[in-house]
Amino acid sequence: MSKIIEGLCYSESHEYVKVEGEFGYIGITDYAQHELGNVVYVDMPEVDDEVTAGEEFGAVESVKAASDLVSPVSGTVVEVNEALEDEPGLINKDAFENWIIKVQLSDKSELEGLMDAAAYKAMIGE
Amino acid sequence: MAEEIKVTCLHDKHVAQGALMTPFAGFDMPIQYCDITTEHNAVRHNVGVFDVSHMGEVHITGAEAEKFVNYIFTNDIAGAPVGKVFYGMMLYPDGGTVDDLLVYKMGENDLFLVINAANIDKDVAWIKEQAQQFNVNVDNQSDHYAQLAIQGPAGEKTMKDVFGIDCSDLTFYTFKLVNYDGEEIIVSRTGYTGEDGFEVYATPAIIVKMWDMLMAAGVQPCGLGCRDTLRFEAGLPLYGDELTAEISPIMATLGMFCKLDKEGGFIGRDACAQQKAEGSAKKLVGLELKDKAIPRHGYEVLDGENVVGYITTGYRGISVDKSLAFALVDRAVGALGNELSVRIRKKVFPATVVKKRFYTPNYKK
């Protein structure tokens with residue numbers, strides 16, 4: 001049974017956004033990290049890079065395979081989680097605590113197109 | 001029409017043990033039981049067991065069996081003692097690879113070939129076609145034999161403790177027949193992990209029993225996931241990636257297994273000799289990245305702006321904590337120490353040409 005947190009926004013490709021004011025913290029869900037297995041590398045954008053809703057902005061890699069990261073929202077990267085550079089396995093320890101990028105949201109109405117916790121829970125069949 | 005997926009005799013066991021299963025070479029095979037890193041490390045530091053029953057076995061007998069096998073096989077088995085195992089390839093006349101395989105010398109004019117699961121139908125057809133000019137009998141026994149690979153530094157002890165089979169007399173790349181549970185089984189000191197270890201060929205009934213005994217003894221079951229990371233670190237090729245109908249053993253820098261001067265030659269010999277003399281256009285190399293980004297199969301290799309090749313296999317090493325790859329590149333840029341780069345998604349990362357053997361194997365010679 002995967003952990004799901006109330007109050008976050010979820011995408012069909014298993015990313016989440018935790019909104020704080022003008023900013024959104026983007027990461028992958030607990031379900032996604034479990035499906036992926038041990039994370040050995042996180043390919044992250046750089047600060048000031050633009051991300052676009054529905055487009056790839058990096059990748060999370062297990063030993064076996066690379067999995068694209070798709071941004072649930074559009075905006076400008078204001079921070080990347082540098083701890084993941086040295087210890088990508090943090091995502092397996094707590095995927096919600098260990099967000100990947102912090103974005104200044106350019107269009108908060110995009111959040112309405114994402115799922116809430118209950119809808120995401122239904123989607124992954126739990 | 002979709003071909004029905006095959007299963008090994010241990011399939012039910014894998015599923016019951018909760019292994020992650022995936023189709024491989026026409027078989028539904030376990031990729032991992034717990035996680036690749038744990039299974040990989042069990043083999044490097046202790047012992048692990050793989051179900052490799054999907055591998056193919058072809059028995060070749062008859063008055064000209066040795067002469068025939070030597071003609072279709074790149075290594076030289078002429079006059080070898082019974083009990084010896086050889087690694088080599090079968091080639092097309094142009095030097096492209098039909099398959100890489102093991103040849104076991106069971107007796108005079110009695111050879112046992114172990115081939116890749118994905119290539120069984122193709123190989124058997126190829127062997128039978130070549131056999132028409134020889135007095136030999138070709139018997140595809142792939143459905144008769146199941147196979148376990150017991151790999152790791154504790155392999156010899158495991159064979160003794162769990163099965164009572166003393167393997168201390170076997171050196172690397174030799175085998176013996178053992179009477180086990182009323183059946184004559186084949187035990188060889190071979191493997192595909194860069195560690196000491198054994199491969200056992202027997203009927204499914206025996207293999208299932210042996211698997212259960214290994215599980216009861218607490219031996220780590222290992223999936224194809226770590227089989228690939230282990231063989232990769234040890235510099236061993238995988239047919240389909242490093243050897244193909246387009247990639248000759250000379251290009252794959254496996255020329256030491258091609259005995260160009262052996263009596264009678266072999267199919268593909270002249271093409272190999274020419275590639276060796278003139279230098280093949282492409283060459284397989286090792287690449288090491290300074291960054292942590294991981295090169296994967298198919299990614300482009302660049303020399304400045306120019307695409308000079310592609311990645312055949314790449315990983316973040318487990319025993320070697322580096323991002324590493326095999327790549328097929330233009331020979332001109334393949335010298336050790338040469339600086340190239342790899343395109344990984346949107347970015348380009350510097351990569352240095354290094355030796356393909358990233359991890360030093362621990363074989364019992």
Side-chain angles (χ1 to χ4, degrees), chain A residues 1-2 13 15 26 28 30-52 54-71 74 76-77 80-95 98 100-101 124, chain B residues 18-24 29-44 222-233 238 241 289-299 311 313-325 342-349:
Chain A
M1 186 91 177
S2 309
S13 48
E15 290 86 8
I26 300 172
I28 64 167
D30 186 53
Y31 175 84
Q33 71 77 17
H34 185 77
E35 288 293 299
L36 204 57
N38 288 357
V39 175
V40 295
Y41 176 68
V42 186
D43 182 0
M44 295 182 282
E46 287 171 16
V47 169
D48 290 338
D49 280 0
E50 298 289 325
V51 295
T52 307
E55 290 190 8
E56 178 241 309
F57 70 92
V60 185
E61 304 206 27
S62 66
V63 173
K64 197 71 200 155
S67 177
D68 281 348
L69 287 164
V70 178
S71 186
S74 305
T76 308
V77 178
V80 299
N81 186 353
E82 286 174 3
L84 297 176
E85 285 174 10
D86 291 330
E87 207 181 333
L90 286 171
I91 287 185
N92 297 112
K93 285 183 184 153
D94 190 334
N98 295 287
I100 296 168
I101 55 171
I124 61 175
Chain B
L20 173 65
M21 305 294 290
T22 202
F24 176 83
M29 295 297 288
I31 290 297
Q32 61 184 58
Y33 297 81
C34 49
D35 68 86
I36 291 174
T37 306
T38 302
E39 294 168 23
H40 178 109
N41 285 328
V43 172
R44 283 278 182 260
C222 295
L224 296 184
C226 78
R227 190 167 159 83
D228 204 48
T229 55
L230 288 158
R231 70 92 189 167
F232 168 73
E233 287 182 344
L238 172 65
D241 288 341
L289 279 66
K290 286 175 194 71
D291 297 271
K292 288 186 173 178
I294 306 169
R296 304 280 185 183
H297 179 92
Y299 289 4
I311 302 294
T313 303
Y315 281 109
R316 181 80 203 168
I318 295 175
S319 305
V320 186
D321 188 23
K322 289 172 182 168
S323 289
L324 304 165
V342 182
R343 190 189 304 283
I344 299 177
R345 288 174 292 276
K346 292 170 184 167
K347 299 173 203 163
V348 171
F349 294 90

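Keep in mind it's a predicted model, so treat the numbers as computed, not measured.
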Heavy-atom pairs under 4.5 Å with chain A, option from B:Arg316, B:His297, B:Lys292 with the top count: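 Of B:Arg316, B:His297, B:Lys292, B:Lys292 has the most heavy-atom pairs under 4.5 Å with chain A.
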
Contact winner vs chain B - A:Gly37, A:Ala59, A:Gly58, heavy-atom pairs under 4.5 Å: A:Ala59

Under-4.0 Å salt bridge between A:Glu55 and B:Lys346: no

Toward chain A, the part of B:Leu20 with a non-hydrogen atom under 4.5 Å: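 Nothing of B:Leu20, per the 4.5 Å heavy-atom cut-off to chain A.
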
Among B:Asp291, B:Ile344, B:Ile294, the one residue meeting side-chain contact (heavy atoms from CB on, under 4.5 Å) with A:Tyr41: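 Output: one option passes, namely B:Ile294.
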
Positive for side-chain contact (heavy atoms from CB on, under 4.5 Å) with A:Asn38, one of B:Thr37, B:Ile318, B:Thr38, B:Ile36: B:Thr37

Over 12 foreign heavy atoms within 6.0 Å of NZ, B:Lys347: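 Check passes, neighbour count above 12.
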
Check: B:Arg345 side chain, A:Phe57 main-chain N or O, donor-acceptor pair, under 3.5 Å: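 Pair absent, no side-chain N/O of B:Arg345 close to backbone of A:Phe57.
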
Contact class of A:Glu56 relative to chain B, heavy atoms under 4.5 angstrom: both

Atom of B:Asp228, atom of A:Lys64 and distance for their closest heavy-atom approach: OD2-NZ, 3.8 Å

